[in-house]
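No hydrogens, no waters, no symmetry mates; every other heavy atom, side chains included, goes into these values. Both counts, for ligands and for their atoms, begin at 1 and track the order of listing.
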Amino acid sequence: MLGEVSIAAFRAGLRGELIEPGDSSYDQARKVYNGMIDRRPRFIVRCADVADVMSAVKFAREEGLLVAIRGGGHNAGGLGVCDDGLVIDLSEMNYVHVDPRKKTVLVGGGALWRDVDHATHAFGLAVPSGIISTTGVAGLTLGGGLGYLTRRYGLTIDNLLGVEMVLADGKLVAANAKENADLFWAVRGGGGNFGVVTSFLFKARPVHTVYGGPMLWPMEDAAEMMRWYRSFIAKASEDIYGFFAFHTVPPWAPFPEHLHNRKMCGIVWCYTGALKKAEKVFKAIRDFKTPGLDLVGFIPHPALQSLFDRVYPSGMQWYWKADFVSALPDEAIAEHIKHFEKTPSLQSTMHLYPINGAARRVKKNATAWWHRDATWAEVIVGVDPDPANKEKVSKWAKEYWSSLHPYSAGGAYINFMMEEGADRIRATYGKNYERLEKIKKRRDPTNFFRVNQNIATK
Ligand SMILES: Cc1cc2nc3c(=O)[nH]c(=O)nc-3n(C[C@H](O)[C@H](O)[C@H](O)COP(=O)(O)OP(=O)(O)OC[C@H]3O[C@@H](n4cnc5c(N)ncnc54)[C@H](O)[C@@H]3O)c2cc1C
């Protein structure tokens with residue numbers, strides 16, 4: 001039984017807010033990005049600083065509470081919130097300090113990527129992240145981080161210099177190449193299994209204005225474009241990034257009216273090479289097949305990052321299915337097209353994110369992130385604003401995924417997975433799993449941090 005005295009003592013020792021059921025902010029505070037998730041924690045603690053995180057861990061341990069850690073709250077399966085237990089919510093710890101001389105960025109454990117993009121852009125810098133600005137820095141980084149700068153500068157974790165984190169015993173430690181190197185290895189891909197990361201130190205890259213945006217073609221051209229893309233991206237120079245996508249054109253500006261609500265295939269580009277060469281580089285692409293819609297041009301990096309924010313506001317119903325993929329044979333292409341033609345909603349989509357280039361040059365065992373020799377991380381998401389369509393979009397995503405799964409390379413990117421069980425997690429980490437297990441056993445022997453893609457020890 002939780003004692004009123006210990007709750008009162010915990011509350012009194014905090015600088016941040018303790019939210020409980022019945023409080024006016026409770027329902028808003030328990031919401032996460034995926035509207036399909038409806039969990040009711042016993043406490044939500046909005047930590048103001050590291051001291052709050054340390055006392056939250058201590059309180060949960062003493063009271064035997066389940067703990068969820070919330071960074072940006074974007075996780076597919078809603079792993080930033082739990083039923084009954086304590087949510088350690090870091091959203092107030094969202095500071096970003098750029099050191100333009102050292103080209104490093106110190107980021108609080110609850111920041112969003114848009115916070116980082118805003119602060120770094122002023123100095124002509126960027127940290128490799130994803131393809132949307134509203135995701136949390138913490139969850140995305142701890143899971144690996146795939147996005148516009150992956151081919152040029154590697155995964156987000158390949159740009160991570162160190163973290164500070166609160167472990168299951170409540171102590172704060174630094175983890176980097178010199179200190180607690182086991183933890184530094186494990187947090188680069190191992191998710192929230194090892195502790196609450198209170199800050200990240202990143203290497204920033206010289207990225208300011210890029211040449212990018214979406215190019216879309218009609219579905220009649222989808223097979224030809226997918227075939228062209230699979231060989232193009234395998235050989236493209238590392239300053240050219242493009243993820244393949246199926247999308248329905250939104251019925252609003254800047255999209256031309258004649259394309260509104262049309263299903264199309266496309267590539268979303270981000271070129272970070274010399275800008276004066278950009279038009280020439282892309283002429284070859286455009287000459288292959290003139291796009292039905294071409295929104296590619298010079299664009300500030302933060303603007304490219306936030307291009308999809310309006311299509312995907314918080315609170316929609318999301319059902320995620322994912323796989324790593326090494327090859328895209330013609331039969332798989334045919335299945336993709338067949339299933340996307342049946343897409344049930346405007347926002348439902350399929351993306352293939354390339355993993356080659358700089359990300360592939362890092363050894364498979366250099367960090368916990370194993371699948372560096374896969375060519376793409378595939379994600380199929382059924383999305384709809386209306387909870388009444390939850391089953392419909394989930395069924396579509398499951399069927400689509402099942403017919404493509406035979407072409408998968410094994411495992412899936414943990415940040416695109418919902419709750420799929422231990423075997424999938426094992427497959428995802430490949431030969432790195434055993435080492436993760438050992439570190440988990442040493443650093444978190446009671447599996448205190450288990451609301452995540454869990455490295456459960458025997
Ligand atoms: C619209 C959308 C677009 C996306 N695009 C991309 C993309 O381009 N590239 C990409 O790589 N991923 C992408 N993702 C996936 C994203 O990386 C994951 O959803 C990720 O988990 C989000 O991190 P978060 O901090 O917002 O999540 P949360 O829900 O807050 O947390 C996710 C997990 O991380 C753990 N965690 C969170 N904060 C901490 C912390 N401070 N310390 C320790 N553990 C912590 C939690 O315990 C939980 O298990 C996208 C997701 C969405 C919804």
Distance in Å, Glu17 CD paired with Asp52 CG, rounded so as to fall on 0.5 Å steps: 11.5 Å
Set of residues satisfying salt bridge (charged side-chain N to carboxylate O under 4.0 Å, His left out) with respect to Arg450, sequence neighbours excluded: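 Partners of Arg450 under the salt bridge (charged side-chain N to carboxylate O under 4.0 Å, His left out) test: none.
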Check: every ligand 1 N/O to protein N/O pair under 3.5 Å:
| unit_1 | atom_1 | unit_2 | atom_2 | d |
| --- | --- | --- | --- | --- |
| ligand 1 | 8 (O) | Ile131 | N | 2.9 |
| ligand 1 | 8 (O) | Leu146 | O | 3.3 |
| ligand 1 | 9 (N) | Leu146 | O | 2.6 |
| ligand 1 | 11 (O) | Leu146 | N | 3.0 |
| ligand 1 | 11 (O) | Tyr413 | OH | 2.6 |
| ligand 1 | 17 (O) | Asn415 | ND2 | 3.2 |
| ligand 1 | 19 (O) | His74 | O | 3.2 |
| ligand 1 | 21 (O) | Asn75 | ND2 | 3.1 |
| ligand 1 | 21 (O) | Asn415 | OD1 | 3.3 |
| ligand 1 | 23 (O) | Leu140 | N | 3.3 |
| ligand 1 | 25 (O) | Gly72 | N | 2.9 |
| ligand 1 | 25 (O) | Gly139 | N | 3.0 |
| ligand 1 | 26 (O) | Gly72 | N | 3.3 |
| ligand 1 | 26 (O) | Gly73 | N | 3.3 |
| ligand 1 | 26 (O) | His74 | N | 3.0 |
| ligand 1 | 26 (O) | Gly136 | N | 2.9 |
| ligand 1 | 27 (O) | His74 | N | 3.4 |
| ligand 1 | 29 (O) | His74 | N | 3.3 |
| ligand 1 | 29 (O) | Asn75 | N | 3.0 |
| ligand 1 | 30 (O) | Gly71 | N | 2.7 |
| ligand 1 | 30 (O) | Gly72 | N | 3.2 |
| ligand 1 | 30 (O) | Gly73 | N | 2.7 |
| ligand 1 | 38 (N) | Gly71 | N | 3.3 |
| ligand 1 | 41 (N) | Val197 | O | 2.9 |
| ligand 1 | 42 (N) | Val197 | N | 2.8 |
| ligand 1 | 47 (O) | Ile69 | O | 3.2 |
| ligand 1 | 49 (O) | Val451 | O | 3.3 |

Validation row: Leu90, Ile88 side chains within 4.5 angstrom (heavy atoms): yes
Close side-chain approach of Ile267 and Trp217, heavy atoms under 4.5 Å: yes
Taking distance alone, no hydrogens or angles, what donor-acceptor pairs closer than 3.5 Å link side-chain atoms of residues 140-150 to residues at least two apart or in another chain?
| unit_1 | atom_1 | unit_2 | atom_2 | d |
| --- | --- | --- | --- | --- |
| Thr141 | OG1 | Val137 | O | 2.6 |
| Thr150 | OG1 | Gly147 | N | 2.7 |
| Thr150 | OG1 | Gly147 | O | 2.8 |

Output a table of donor-acceptor pairs, distance under 3.5 Å, between side-chain atoms of residues 70-84 and any protein atom two or more places apart or on a different chain; print 'none' if there are none.
| unit_1 | atom_1 | unit_2 | atom_2 | d |
| --- | --- | --- | --- | --- |
| Arg70 | NH1 | Lys31 | O | 2.7 |
| Arg70 | NH2 | Lys31 | O | 3.3 |
| His74 | ND1 | Thr134 | O | 3.3 |
| His74 | NE2 | Thr134 | OG1 | 3.0 |
| Asn75 | OD1 | Gly77 | N | 3.1 |
| Asn75 | OD1 | Gly78 | N | 3.4 |
| Asn75 | OD1 | Leu79 | N | 3.2 |
| Asp83 | OD1 | Arg40 | N | 2.7 |

